[in-house]
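Written below as structure tokens is the structure these notes are about.
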There are 2 protein chains.
Amino acid sequence: MTETDRRPPPGRVTLTDVATLAGVSVGTASKALSGNGRMRPETRDRVLEAARRLDFQPNEQARALLAGRTWTVGLVTTDGIGRFSTPVLLGAEDALGAGKISVLLCDTRGDAIRERHYVETLLARRVDGIIVTGRRTDPRPPLAGLRDVPTVYALSPSEDPADMSVASDDEGGARLATEHLITSGRRHIAHVSGPAHHAAAQHRARLTHDLLGQAGLELSGGKVHFGDWSEAWGRRAARTVLRAAPDTDAFFCANDQIARGVTDTLREEGRRVPDDIAVIGYDNWDVMALAARPPLTTVDMNLNEIGRIAALRLLDAIDGRTVGGVRTVACRLVVRESA
Amino acid sequence: MTETDRRPPPGRVTLTDVATLAGVSVGTASKALSGNGRMRPETRDRVLEAARRLDFQPNEQARALLAGRTWTVGLVTTDGIGRFSTPVLLGAEDALGAGKISVLLCDTRGDAIRERHYVETLLARRVDGIIVTGRRTDPRPPLAGLRDVPTVYALSPSEDPADMSVASDDEGGARLATEHLITSGRRHIAHVSGPAHHAAAQHRARLTHDLLGQAGLELSGGKVHFGDWSEAWGRRAARTVLRAAPDTDAFFCANDQIARGVTDTLREEGRRVPDDIAVIGYDNWDVMALAARPPLTTVDMNLNEIGRIAALRLLDAIDGRTVGGVRTVACRLVVRESA
DNA sequence: AAACTTTGAGCAATGGTTTTCTTGCCGGTA
DNA sequence: TACCGGCAAGAAAACCATTGCTCAAAGTTT
């Protein structure tokens, strides 16, 4: 029997193995490793050496069972882990990882049945908390079936105002863009947006309209151009606006894809950006904003920050400091060449 | 004392609570719920009713501790959960979710220290297995420090051929594109690619070159145009090729961004796509491929399938059926309007 | 030298579930 | 009536780490 033979064949090394090798009881071994109990330095060293030799790692399962905490949070996303939820997710993971908390990923693909199923799984696994995130900024119904598990909604706030939510300051973002255009001397500003029933489109449109009004200006073309979030719509809208209001000198687009479509059309129509017409996008989606000609000035929602703050609020809630309500995160204008 | 008072205030309902309410022992309650033991139907019903009343859910932690399995796998990604790893991840999650397995997400951001840290975390949590995925298709060094945890490398194969890897059939993808162009009558085919040191660029270039040779053709412009993966490079390369070889009638681009840059330039130069010049991309990245004018014919790597197969191999390995080596997943040509 | 303090280390309970082993009871057969 | 088979249900061990408590020995004080 060599020493390695005492290692259990399939399973991992357990504290009992360490204690046996060091010639002490499990209790003593535990205290030696955690540094909690008092003991002769010599004993401690023997345990530490044994743990090192066996490459011991405490079983989180057992620890969690005892502590009643799993140091795990569930991250429920509804949009297939897309462009919006990914940065939120990473921001959250960053903040949580610092506190030794792991993230259990659940993608519901927008399906209520799956969502329900995932919530039950997370509950069965006794997660310490849940973060819910989605593609749209429209409020969403609160997660059904969770009992007293702390939950934070990121990006898509909960419809229940008592829940904790972290949202983007849509109106602030629109303000950044519009004021940038006004202060740089633009006077005939068009606004091209996505579907009129999206909250994001509504907020940005309302604020743009209001700010122009306060500056004594009107929307170029006389109205907000609602459509969809695509480049193709941006191209179509740009042509429409140029025909209806040829003196337009700026476009504020409610996302970068629309903005890119607009710049493409402007270039094809022989208008120089930004000399003749300025263009501002929204989202700061690098593949769009940087590949556009010229690179887009655009509003960044600080999605990472939204995720980070959601995680911090969740950590607070887990520690019992629950403060309900929506908290908004400010946007940031990234100035490039298009405006 | 009403009945609800016996429910522990902060914690969840436990099997003991159910057993007490039903007037049986925990052991019996467990058997009733799992359907394993034999008992009077009346007793079973009483337990089931109690569980229903208390909304009991077994604690996965405790179950895992006993079974020595956690029904959890770690998903280690190196590229910030980007465009490539996301579909792989979803494919894997889909296959795993069917088997009641949850996914623990670890994003290393390409940092070796973080990677090491995550591996230790996953080991401490006793995950049943690990899937490693990354952005590049180049082989990567195997994960350090894991003992006997089954591991599958998806998209980025391991440098160790004994490890289990699932990779994309890069050469097959290039073959699909090139043969499509040749059979549709193109004779002067240019190949615009990414950095020459990327495995993906090399594989695609070599196969394109070889196939053209077999058909008695040569690369238009006489060589492969290596650059980077950007639209800007696609635009530049297209101009270079048109100048050097004006009779070029097709472009095979090693990703969709390059292809989009190429089509943009071709349109600006007055060449019609696909009438005058055909363009094929790679990746089938919808926001690029669909927004291009015309929409791109492109090679789809079936990333979902890669994730799915990686998950299935991992499940096999967890059950002891480990088969090392690289398995490649075939690509698929998505024909749209550009070729 | 006796009583007391300090210290080192083990014991056992804890957490929630599963599973094996055991006990007790009933009916049936010799 | 005695014995055995079968079945229902309980008791207890197992999983693994943590921690308060206990006990014993060494060391200190009067």
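Chain naming here is simple, since letters A, B, ... match the order of the sequence lines and numbering starts at 1 in each. Because the structure is a prediction, the values reported are computed rather than measured.
Taking atom CG on A:Leu15 and atom P on D:dT18, their separation rounds to 7 Å, with Å as the unit. A:Asn59 places its CG atom 7 Å from the P atom of D:dC16, with the value rounded to the nearest Å. Atom CD in B:Gln57 sits about 13 Å away from atom P in C:dT18, given to the nearest Å. Atom CE in A:Met39 sits about 11 Å away from atom C1' in C:dT7, given to the nearest Å. Atom CZ of A:Arg126 and atom P of C:dG16 are 8 Å apart (whole Å). Going from atom CZ of B:Arg69 over to atom P of D:dC16 covers 16 Å, rounded to whole Å. Protein atom CG of A:Leu65 is 13 Å distant from nucleotide atom C1' of C:dA13, rounded to whole Å. Protein atom CG of A:Leu33 is 16 Å distant from nucleotide atom P of D:dC16, rounded to whole Å.
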Review item, side-chain donor-acceptor pairs of residues 310-323 of chain B, under 3.5 Å, at least two apart:
{"residue": "B:Arg313", "atom": "NH1", "partner": "B:Ser165", "partner atom": "O", "Å": "2.7"}
{"residue": "B:Arg313", "atom": "NH1", "partner": "B:Gly325", "partner atom": "O", "Å": "3.2"}
{"residue": "B:Arg313", "atom": "NH2", "partner": "B:Val323", "partner atom": "O", "Å": "2.5"}
{"residue": "B:Arg313", "atom": "NH2", "partner": "B:Gly325", "partner atom": "O", "Å": "3.2"}
{"residue": "B:Asp316", "atom": "OD1", "partner": "B:Arg321", "partner atom": "NH2", "Å": "2.6"}

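Counting non-hydrogen atoms of neighbouring residues, nucleotides and ligands closer than 6.0 angstrom, the CZ atom of B:Arg140 exceeds 12 such neighbours.
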Classify every nucleotide of nucleotides 19-26 of chain C by which part a protein heavy atom approaches to under 4.0 Å, writing B for the base, S for the sugar-phosphate alone and - for neither, in 5'-to-3' order.
-> BB------
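Remark: B:Arg63 engages B:Glu60 in a salt bridge (Lys or Arg N to Asp or Glu O under 4.0 Å) (not counting sequence neighbours). By the salt bridge (Lys or Arg N to Asp or Glu O under 4.0 Å) test, B:Glu120 is found to be paired with B:Arg116, residues two or more places apart in sequence or in another chain being considered. With sequence neighbours excluded, the residues satisfying side-chain contact (heavy atoms from CB on, under 4.5 Å) with B:Asn36 are B:Ser34. A search for salt bridge (Lys or Arg N to Asp or Glu O under 4.0 Å) contacts involving B:Asp94 returns A:Arg109, A:Arg114, not counting sequence neighbours. Checked against side-chain hydrogen bond (donor to acceptor under 3.5 Å, both in side chains), B:Thr72 has the following partners two or more places apart in sequence or in another chain: A:Arg125. Contacts of A:Arg38 classified as side-chain hydrogen bond (donor to acceptor under 3.5 Å, both in side chains), with partners at least two apart in sequence or in another chain: none. By the side-chain hydrogen bond (donor to acceptor under 3.5 Å, both in side chains) test, A:Ser158 pairs with A:Asp163, sequence neighbours left out. In terms of the salt bridge (Lys or Arg N to Asp or Glu O under 4.0 Å) criterion, A:Arg40 has no residue partners (sequence neighbours excluded).
For A:Arg38, counting side-chain heavy atoms from C-beta on, the closest listed nucleotide (D:dA9, C:dG8, D:dA17) is C:dG8.
Helix-axis bend for the helix from C:dA1-D:dT30 to C:dA30-D:dT1: the local axis fitted to the five terminal pairs at one end deviates from that at the other end by 80°, rounded to 10°.
A heavy atom closer than 4.0 Å to some atom of DNA chain D occurs in B:Arg40, B:Thr43, these being the qualifying members of residues 40-50 of chain B.
Here the straight-line distance linking atom CG of B:Asp128 with atom CZ of B:Arg69 works out to 4.5 Å at 0.5 Å rounding.
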